[in-house]
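What follows is a set of notes on a single structure, which appears directly below.
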Amino acid sequence: GHCYYGIDQASIGYFGKPLAQLKPESIVMLVALTKAPSSYDPWKYPNESKEQTKRLINLLKTNHGYNFKSGDADSYSELLATTTTACNKK
């Protein structure tokens, strides 16, 4: 989405930090974006983005037994606290 190419740039662009510093739920949000970046843009469509992230988290839990240690899709507080750059004001 926006002008980010690759998950590393998206991590910096959306969360203001490198991928290695993100919570697992934030990484899932980035992965969820790949399905339809313009439809799941967290700034334009926060509810749709959050719901898609929750769906993906539930699939990971149900189908793969992944256990998230922090607050599931609550990583949105981390995202929304990020200041927008000139790039993501499009």
Side-chain angles (χ1 to χ4, degrees):
H2 297 282
C3 59
Y4 310 128
Y5 297 96
I7 196 162
D8 292 321
Q9 282 187 5
S11 174
I12 298 293
Y14 285 107
F15 295 100
K17 53 182 135 179
L19 187 64
Q21 294 179 7
L22 293 183
K23 297 176 186 175
E25 297 80 5
S26 300
I27 296 170
V28 172
M29 196 238 33
L30 293 176
V31 171
L33 273 172
T34 62
K35 181 176 180 182
S38 59
S39 298
Y40 297 118
D41 181 322
W43 286 298
K44 289 183 182 177
Y45 307 106
N47 293 334
E48 290 84 349
S49 179
K50 191 170 186 175
E51 289 305 312
Q52 179 65 7
T53 301
K54 285 182 179 180
R55 280 192 290 275
L56 196 52
I57 286 171
N58 287 332
L59 282 172
L60 288 168
K61 285 179 177 179
T62 304
N63 295 348
H64 301 286
Y66 190 83
N67 185 20
F68 289 86
K69 293 178 182 173
S70 54
D72 291 345
D74 292 336
S75 60
Y76 274 79
S77 59
E78 179 181 21
L79 170 69
L80 297 175
T82 304
T83 58
T84 58
T85 65
C87 177
N88 55 31
K89 288 183 180 178
K90 289 182 182 179

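In this chain, residues are counted from 1 in sequence order.
Between S11 and L22, the shortest heavy-atom contact is OG-CD1, 3.3 Å. A10 and L30 get closest at one heavy-atom pair: CB-CD2, 3.9 Å. Between Y66 and K61, the shortest heavy-atom contact is O-CG, 3.3 Å. Residues S39 and E48 share a closest heavy-atom pair of O-CB, 3.9 Å.
Taken to the nearest 0.5 Å, the CD1 atom of I27 stands 6.5 Å off from the CD1 atom of I7. Atom-to-atom distance recorded for E51:CD and L56:CG is 12.5 Å, nearest 0.5 angstrom. Atom CG of L33 sits about 7.5 Å away from atom CG of D41, to the nearest 0.5 Å. Remark: Q21 CD to I12 CD1 distance equals 8.0 Å, nearest 0.5 Å.
Note on Y40 and Y45: separate hydrophobic clusters, where clusters join Ile, Leu, Val, Met, Phe, Trp and Tyr whose side-chain heavy atoms are under 4.5 Å apart, directly or indirectly.
Contact of the R55 side chain with the L59 side chain is not registered, since no non-hydrogen atoms from C-beta on lie closer than 4.5 Å. Within the 4.5 Å cutoff, the side chain of E25 has no heavy atoms near those of the T53 side chain.
Classification of the Y14-Y4 ring pair by plane angle, with boundaries at 30° and 60°, yields perpendicular.
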